[in-house]
*Asks:* 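I'd like to ask you about the structure that follows.
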Amino acid sequence: MYNINKDLANIFKRMGAIYEFLGDKFRSLAYYKASEILEDLPDDVRNYILNGKLYSIRGIGQGIATKIEEYVETGKIEKYEELKQLVPEDFLELMDLKGIGPKTLKRLYDELGIKTKDELIKALKDGRVEKLKGFGKKKVERILKSLELYEISKKRIILWEALQISRYLKDTLKNSLSKEIKKIEVVGSIRRRKETIGDIDILIACDEKDRLKIADFFISIPEVSFVIGKGEKKTSVIMKFDNRERQVDIRFFNLNEWGSALQYFTGSKEHNVHVREIAKEKGLKLNEYGVFKVDTEERIAGETEEGVYKALGMEWIPPEMREDRGEVELALQGKIPKLVELKDIKGDLHIHSTWSDGVNSIKDIAYFVREKYKYEYIVITDHSKTQRVANGLDEERLLKEIEEVKLLNKMMGWEFIKIGTEVDILLDGSLDLSDEILSQLDWVVASVHSHFNRDNTDRILKAMENPYVNAIGHMTGRLIGIREGFKVNMNEVLKKAKETGTALEINSQPRRMDIDEHWVKRAVEEGVKMVISTDSHSLGNFAYMEIGVSIARRGWATNKDILNTGSWEDIKKFVNEKRKKFGAVLK
DNA sequence: GCCGTTTTCGGCCCGACTGTTTTCAGTCG
């Protein structure tokens with residue numbers, strides 16, 4: 001999205017690796033942290049410079065701020081160019097390998113002259129590494145195995161897939177060993193609902209005598225393709241699901257350690273470091289087994305996560321917020337917001353039927369959704385005519401669709417189905433349907449479906465000025481792992497959305513997740529309203545609502561930020577406010 | 001390199017595991 005942030009994040013990561021290799025541990029850590037901060041920054045770093053806010057970012061000090069400014073001005077960082085002369089380029093990748101850290105790499109470099117991955121493999125296989133003092137057969141085997149697993153670990157899977165896999169594993173374990181397993185929870189980035197997931201981590205509370213039995217069962221699950229290690233504290237395997245390989249770790253704890261273990265293994269790393277700093281300031285020590293007083297070693301918490309945070313003088317923090325983006329400070333002040341929840345959603349505002357490219361009739365959708373999700377309303381939003389491949393509707397067919405919805409509502413005896421459209425935003429920013437017909441609809445989503453290689457801010461701004469457009473669909477058009485989103489200027493869009501009374505859609509399709517959490521956080525800050533929609537094309541797609549709610553929670557959204565936590569009356573009010581503002585026909 | 005009403009210098013999260021040792025260094029999460 002913001003290439004300059006990404007560029008800088010990459011440079012700082014490399015500088016961190018170089019300093020780590022050079023043995024400057026803490027300077028290295030500072031650069032790694034700066035890299036994470038840049039990666040995570042919700043806005044273009046150049047705007048921080050303009051607003052004079054660069055120096056107020058926690059973790060960015062004088063030294064790194066100067067380097068950011070240097071990069072913005074000149075396009076490079078002199079110090080980085082110098083450092084690159086000291087260390088071979090490939091070392092960043094080599095340090096990523098499990099089992100090789102800076103010390104090992106330095107010895108391989110000093111004593112065997114190894115500079116690339118290929119040279120490393122050769123030296124491992126021809127026995128030169130094994131002969132070094134302090135090395136042995138096992139260490140060599142471990143490094144070779146990690147080379148093999150490297151490609152797997154580099155690929156991340158999307159949240160939806162990770163949720164399916166982790167739930168299958170949790171159910172399989174729980175159902176097969178219901179007596180032995182007292183508690184089981186999926187932790188790590190899945191519990192935080194990150195967009196993409198690396199490893200899958202599962203915690204289990206049980207009696208110590210049952211640990212090996214559970215581990216044995218776990219490694220016998222048919223999807224396990226390789227056992228990395230088996231023990232009483234931790235067991236790790238590689239599993240294969242539909243040709244995708246994932247590392248899965250299970251860890252064992254006693255019941256009274258459950259809360260601190262959950263806290264510890266949910267992360268993120270940055271959040272935990274910050275929380276442990278707080279503990280230290282209070283003369284306490286926090287680890288995965290509990291909260292302890294430093295002087296007397298007395299254990300004062302650990303059974304529950306709430307208890308762990310409380311012992312540190314903090315409110316419990318929802319996992320989705322634990323990224324060290326300011327939530328620790330809020331928790332200390334008791335000001336953690338009440339985030340939107342799946343159960344708060346009262347309807348879905350973006351749905352396709354057989355009228356365009358959906359696979360189910362409006363009638364089937366209505367009965368299914370009302371029964372299964374207990375929503376108060378749904379809006380059918382089929383494509384408009386430019387989307388020929390999606391069987392998009394022209395004005396004439398849309399009028400017929402409106403009639404069908406009226407009939408169905410009469411039949412069901414409830415005004416459950418609302419009629420809308422997902423209208424195309426054309427290249428010049430005009431819409432694919434006339435105002436005359438748009439004014440007859442309950443809800444209008446406008447989306448860009450073409451020209452992905454340009455900055456599309458102009459088209460989106462113009463579409464928002466149409467009095468009948470209520471939300472912008474899948475803002476950047478990205479498809480995770482397939483297509484980068486096109487450029488959109490977030491600040492201008494947020495400003496225009498606020499000014500015109502247009503909502504932003506959080507599209508819940510697993511590969512879209514668009515807008516993303518950074519947009520959401522900014523929208524919350526600016527008071528711009530959002531809707532969470534599934535963009536469903538089949539009955540199974542309605543389950544994606546969970547994904548959209550996760551994005552909203554990671555952006556700290558509460559019910560007041562999300563329109564479809566309200567009744568249909570609330571939504572109608574939002575629609576009419578915009579129409580009134582523009583002197584247009586009221587609904 | 002960052003940070004701070006105990007500090008502008010001297011700290012920087014903490015414990016487990018592994019392999020190669022015989023008391024510990026390196027790595028990981």
Side-chain angles (χ1 to χ4, degrees), chain A residues 12-13 15-16 18-38 54-68 77 79-80 83 94-108 129-143 145-146 149 153 187-189 198-203 228-236 247 249-253 257 260-261 263-292 294 302 312 324 328:
Chain A
F12 290 150
K13 190 175 171 198
M15 289 178 79
I18 294 171
Y19 279 121
E20 192 182 353
F21 175 73
L22 295 173
D24 198 341
K25 196 171 145 198
F26 294 113
R27 185 170 278 130
S28 159
L29 269 174
Y31 275 102
Y32 279 135
K33 187 161 188 201
S35 172
E36 302 263 347
I37 290 168
L38 264 299
L54 187 59
Y55 288 82
S56 56
I57 301 172
R58 203 186 126 89
I60 305 282
Q62 184 69 47
I64 287 178
T66 310
K67 290 182 178 67
I68 292 173
I77 294 171
K79 189 75 200 173
Y80 175 50
L83 288 171
L94 291 180
M95 275 208 287
D96 256 359
L97 293 171
K98 293 193 177 152
I100 295 189
K103 302 270 167 59
T104 308
L105 190 57
K106 183 145 177 34
R107 290 199 53 206
L108 294 171
V129 176
E130 200 180 320
K131 288 202 194 82
L132 295 178
K133 190 167 163 20
F135 285 77
K137 216 185 193 89
K138 286 212 167 173
K139 211 166 190 170
V140 168
E141 269 171 23
R142 180 167 155 71
I143 298 173
K145 189 70 206 175
S146 87
L149 297 176
S153 69
V187 290
S189 49
D199 296 346
I200 295 174
D201 295 307
I202 299 173
L203 299 189
I228 299 171
K230 195 188 89 177
E232 295 206 6
K233 297 234 174 220
K234 175 186 171 186
T235 291
S236 299
Q247 180 170 335
D249 299 339
I250 56 172
R251 289 165 203 276
F252 300 106
F253 286 91
E257 300 161 342
S260 43
Q263 197 286 327
Y264 185 90
F265 285 103
T266 297
S268 62
K269 195 174 82 193
E270 292 74 18
H271 173 85
N272 282 358
V273 167
H274 198 167
V275 170
R276 282 199 289 276
E277 278 171 16
I278 302 291
K280 211 175 164 185
E281 283 166 20
K282 293 184 187 291
L284 301 169
K285 191 180 73 175
L286 169 64
N287 60 30
E288 57 265 56
Y289 304 109
V291 182
F292 303 85
V294 172
L312 305 175
D324 196 22
V328 173

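Quick note on labels: first sequence line is chain A, next is B, and so on, each numbered from 1.
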*Asks:* Just distance, no hydrogens or angles: give the donor-acceptor pairs under 3.5 Å from side chains in residues 276-289 of chain A, sequence neighbours left out.
*Replies:*
| residue | atom | partner | partner atom | Å |
| --- | --- | --- | --- | --- |
| A:E277 | OE1 | A:R58 | NH2 | 3.3 |
| A:N287 | OD1 | A:Y289 | N | 2.8 |
| A:N287 | OD1 | A:G290 | N | 3.2 |

*Asks:* Return the 5'-most residue of the pair A:E281, A:R276 with respect to DNA chain B, ranking by each residue's nearest nucleotide.
*Replies:*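 Whichever sits nearer the 5' end wins; that is A:E281.
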
*Asks:* For A:K79, give me all partners under salt bridge (Lys or Arg N to Asp or Glu O under 4.0 Å), at least two apart in sequence or on another chain.
*Replies:*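 By the salt bridge (Lys or Arg N to Asp or Glu O under 4.0 Å) rule, A:K79 matches A:E82.
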
*Asks:* Can you check the distance between B:dT22 and B:dT18, where both ends of the measurement are the C1' atom (answer in whole Å)?
*Replies:*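 Those two atoms are separated by 15 Å.
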
*Asks:* Look at all strands and tell whether A:K137 reaches a base, only sugar-phosphate, or nothing, counting heavy atoms closer than 4.0 Å.
*Replies:*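 Answer is sugar-phosphate: A:K137 comes under 4.0 Å of backbone atoms only.
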
*Asks:* For A:K67, answer base if it contacts any base atom (sugar-phosphate contacts may also be present), sugar-phosphate if it contacts only those atoms, and nothing otherwise; contact means non-hydrogen atoms under 4.0 Å.
*Replies:*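 It contacts sugar-phosphate atoms only.
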
*Asks:* Could you check whether A:G188 gets within reach of a base, just the sugar-phosphate, or nothing at all, counting any heavy atom under 4.0 Å?
*Replies:*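 No contact.
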
*Asks:* Sticking with atom P, work out how far B:dT5 lies from B:dG1, rounded to a whole angstrom.
*Replies:*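 Approximately 23 Å lies between the P atom of B:dT5 and that of B:dG1.
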
*Asks:* Could you tell me which residues satisfy side-chain hydrogen bond (donor to acceptor under 3.5 Å, both in side chains) with A:E20, sequence neighbours excluded, listed by chain and number?
*Replies:*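 Once residues adjacent in sequence are excluded, the partners of A:E20 under the side-chain hydrogen bond (donor to acceptor under 3.5 Å, both in side chains) criterion are A:Y32.
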
*Asks:* Looking across every strand, which nucleic acid part, if any, lies under 4.0 Å from A:L284 by heavy atom: base, sugar-phosphate, or nothing?
*Replies:*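 Contact class for A:L284: none.
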
*Asks:* For A:I100, report the nucleic acid contact type (base, sugar-phosphate, nothing); a contact means any heavy atom under 4.0 Å.
*Replies:*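 Result for A:I100 = sugar-phosphate.
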
*Asks:* Could you tell me how far B:dG10 sits from B:dG15 if I compare only their C1' atoms? Round to whole Å.
*Replies:*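 My reading of the C1' atoms in B:dG15 and B:dG10 gives 24 Å.
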
*Asks:* Going by ring-ring contact (aromatic ring centres under 6.0 Å, His included), name the residues that satisfy it together with A:F292, two or more places apart in sequence or in a different chain.
*Replies:*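 Listed in chain order: nothing, the list is empty.
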
*Asks:* With sequence neighbours excluded, tell me which residues meet ring-ring contact (aromatic ring centres under 6.0 Å, His included) with A:F12.
*Replies:*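 Checked A:F12 against ring-ring contact (aromatic ring centres under 6.0 Å, His included); matches are A:Y31.
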
*Asks:* Mind checking the C1' distance from B:dC13 to B:dT8? Whole angstroms is fine.
*Replies:*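 Those two atoms are separated by 23 Å.
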
*Asks:* Using a heavy-atom cut-off of 4.0 Å across all strands, would you classify A:S28 as base, sugar-phosphate, or nothing?
*Replies:*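 A:S28: no heavy atom of the nucleic acid under 4.0 Å.
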
*Asks:* Determine the Euclidean distance between corresponding P atoms of B:dC12 and B:dC17; express it in Å to zero decimal places.
*Replies:*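 Between the two P atoms, the distance is 24 Å.
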
*Asks:* So A:K280, base contact, sugar-phosphate only, or nothing? Heavy-atom distance under 4.0 Å.
*Replies:*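 The answer is sugar-phosphate, as A:K280 gets under 4.0 Å only of primed atoms, P, OP1 or OP2.
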
*Asks:* Scan every strand shown for a Watson-Crick or G-U wobble partner of B:dT8, both distances under 3.5 Å, and answer none if you come up empty.
*Replies:*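 Here B:dT8 is not engaged in any pair, so there is no nucleotide opposite it.
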
*Asks:* Please find the earliest and latest nucleotides of DNA chain B, in the 5' to 3' direction, that have an atom within less than 4.0 Å of any heavy atom of chain A.
*Replies:*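 With heavy atoms of chain A under 4.0 Å away, the range is B:dG1 to B:dG29.
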
*Asks:* Please work out if A:F135 contacts a base, only the sugar-phosphate, or nothing of the nucleic acid, heavy-atom cut-off 4.0 Å.
*Replies:*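 The answer is sugar-phosphate, as A:F135 gets under 4.0 Å only of primed atoms, P, OP1 or OP2.
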
*Asks:* What distance, rounded to whole Å, do you find between the two C1' atoms, one in B:dG26 and one in B:dT20?
*Replies:*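 These two C1' atoms come out 11 Å apart once rounded.
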
